[in-house]
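Structure record follows, encoded as structure tokens.
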Amino acid sequence: MREARFAVRRPFLRMAAATAVATSGLLAASLAFADDLPAVNVVTIVDHQALDAFRDGAAEALKEAGYESGKTLDWTFQSAQGNTGTVAQIARKFVGSQPAAILAISTPAAQAVVAATKQIPVVYGAVTDPVAAQLVKTMGPSGTNVTGVSDRLEPGRQVELIRKIVPSVKTVGMIYNPAEANSKVAVNEMKAALSKAGIELVEAAAPRSVDVGQAARRLVGKVDLIYTGTDNNVVAAYEAVAKVGNDAKIPLVAADTGSIRRGALAVLSVDYRDLGKQAGKQIVRILKGEKPGDMASETSENLVLILNLEAARKQGVELSAQLQSEASEILGR
């Protein structure tokens, strides 16, 4: 960005000698402004629709507040493409560049950044349980350099949805990465909520995205329905889950909005773009001088129910008229 600005102004340096001094002054002022742009560095563990929407929502909130990438904001984004070693490298690189703030999207990204700095303001995003992930000690003001926005969902609401889709459900399968704190919390919470409803949870571990399809196949014949949370490995490879669900006629319910267009028949989730806007507003407050440690972590109660009737047909399920009336969006009519 700075090179482009310099190139635009270079012709002015070749003006007549009479204006050279004035022009040089303008150039220096312009370059100083470029150097003084507040920098926000953004890192995510992997690219998928929910995390992308979160990132875009944050950028939108910043733009609305007058911080536009390439004009009044130095915005840098990098994805670790699912590699935890790479995300740690990105975190260290970002810390070394001393930005005004770092936006860390997903639990692994946030953990890497928080481990790399105790001074630079960090805003986490799309983290289910920031306390369990050891990003903050409480959801209140942390007193540290960290704040952010959690995508935590009430598991009881998910169980209610599952029973509306399959009233006779006895067993629910859940695929997750046991190495991701975000996912372990979600599994434990769903297990407790399902148990209260008299439903058994069957776990299937997928340490890598390439393991997701095999994990889904292990659930065939053992479960009445497969539920997927916001596990990044599972979301990145959701088509593999959809193939198993369609072939084996197992209903698929998800907590990630992007999964509804990739094979889930129902999604009850937060709006990740709106969630990203919340994080963007936190960054704006930091850029204006507020300390992240004085800002409480946030969540969202704005849930959306989306149904996919075509996926339901493929998975052998007929969604009730009552459930359809509750949906904010219905696909595949």
Side-chain angles (χ1 to χ4, degrees), residues 44-52 54 79-88 105-112 126-129 132-133 151-153 155 158 162 169 171-194 199-269 272 311 314-315:
T44 183
I45 184 62
V46 71
D47 297 300
H48 62 64
Q49 186 171 339
L51 302 188
D52 293 350
F54 188 100
S79 168
Q81 301 297 322
N83 190 306
T84 54
T86 301
V87 81
I105 306 173
S106 78
T107 300
Q111 288 175 319
V127 174
T128 298
D129 192 335
D151 61 358
R152 190 182 195 118
L153 295 169
Q158 303 292 324
I162 287 169
V169 60
T171 55
V172 170
M174 194 165 178
I175 308 164
Y176 73 107
N177 175 10
E180 188 173 325
N182 182 70
S183 299
K184 289 192 292 186
V185 169
V187 168
N188 290 337
E189 290 185 345
M190 276 299 292
K191 187 173 186 177
L194 288 166
I199 303 169
E200 179 187 0
L201 179 68
V202 180
E203 301 174 22
R208 303 168 300 168
S209 292
V210 295
D211 301 322
V212 170
Q214 184 178 1
R217 287 190 291 274
R218 291 200 303 269
L219 295 173
V220 176
K222 299 178 182 178
V223 301
D224 300 316
L225 178 145
I226 294 176
Y227 170 79
T228 55
T230 55
D231 182 287
N232 291 297
N233 282 351
V234 177
V235 173
Y238 199 82
E239 284 79 6
V241 182
K243 185 178 188 313
V244 173
N246 294 341
D247 292 346
K249 296 293 185 288
I250 301 175
L252 304 178
V253 176
D256 162 61
T257 52
S259 299
I260 196 69
R261 287 175 171 80
R262 298 166 63 197
L265 64 82
V267 166
L268 181 64
S269 178
Y272 277 87
K314 290 180 179 178
Q315 293 155 28

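The first residue in the sequence is number 1, and the count goes up from there.
Arg217 places no side-chain N or O within 3.5 Å of a backbone atom of Val241 that could act as its donor or acceptor partner. Side chain of Gln158 to main chain of Met190: no donor-acceptor pair is present (N/O by atom type, distance under 3.5 Å, no hydrogens or angles). Checked by atom type and distance alone, the side chain of Glu200 never pairs as donor or acceptor with a backbone atom of Val223 at under 3.5 Å. A donor-acceptor distance shorter than 3.5 angstrom exists from the side chain of Arg262 to the backbone of Val235, with no hydrogens or angles considered. Between the Asp224 side chain and the Thr171 main chain, a donor and an acceptor come within less than 3.5 Å of each other. Proximity of a side-chain donor or acceptor of Asn246 to a complementary backbone N or O of Lys243 within less than 3.5 Å is not detected.
In this structure, a donor-acceptor pair under 3.5 Å is present between the side chains of Asp151 and Thr128.
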Practice prompt. I would like to know whether Tyr238 and Leu252 meet side-chain contact (heavy atoms from CB on, under 4.5 Å); could you show each step before the answer?
Written response: CA-CA 10 Å; Tyr238 199 82; Leu252 304 178; 3.5 Å; yes
Discussion item. Checking Asn233 against Glu180 for the side-chain hydrogen bond (donor to acceptor under 3.5 Å, both in side chains) test, could you report, in this order, the C-alpha distance in whole Å, the side-chain angles of both residues, the deciding distance, and whether it holds?
Written reply: CA-CA 9 Å; Asn233 282 351; Glu180 188 173 325; 5.7 Å; no
Practice prompt. Evaluate the criterion side-chain contact (heavy atoms from CB on, under 4.5 Å) for residue pair Tyr272 and Thr230; output intermediate values, then yes/no.
Written response: CA-CA 11 Å; Tyr272 277 87; Thr230 55; 3.0 Å; yes
Worksheet item: Given Val202 and Leu219, is the side-chain contact (heavy atoms from CB on, under 4.5 Å) satisfied, shown in steps?
Response: CA-CA 8 Å; Val202 180; Leu219 295 173; 3.8 Å; yes
Fill in: From CA spacing to verdict: side-chain contact (heavy atoms from CB on, under 4.5 Å), Asp256, Ser269
CA-CA 6 Å; Asp256 162 61; Ser269 178; 5.7 Å; no
Worksheet entry | Working for side-chain hydrogen bond (donor to acceptor under 3.5 Å, both in side chains), residues Asp47 and Ser79 | CA-CA 7 Å; Asp47 297 300; Ser79 168; 3.2 Å; yes
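For the pair Asp231 and Ile175, the minimum side-chain heavy-atom distance is 4.5 Å or more. Between Leu51 and Ser106, the closest side-chain pair of non-hydrogen atoms falls below 4.5 Å. Residues Asn177 and Asn232 form no side-chain contact, since every pair of their non-hydrogen atoms from C-beta on lies 4.5 Å or further apart.
Here the closest non-hydrogen pair linking Val87 and Pro108 is CG1-O, 4.1 Å. In plain terms, the two heavy atoms of Ala126 and Ile105 that are nearest each other are CB-CG2, 4.2 Å. Looking at every heavy atom in both residues, Ala255 comes nearest to Leu153 through CB-CD1, 3.5 Å. Shortest non-hydrogen contact noted between Tyr227 and Ala254 is CE1-C, 4.3 Å. The two atoms that bring Ala215 and Ala205 nearest to each other are CB-O, 3.6 Å, heavy atoms only. In terms of heavy atoms, Ile45 sits closest to Ala109 at N-CB, 4.0 Å.
In this structure, Glu239 places its CD atom where more than 12 heavy-atom neighbours from other residues, nucleotides or ligands lie under 6.0 Å away. Around the NZ atom of Lys249, the shell of radius 6.0 Å holds more than 12 heavy atoms that belong to other residues, nucleotides or ligands.
Atom CD1 in Ile226 sits 11.5 Å away from atom CD1 in Ile162 (nearest 0.5 Å).
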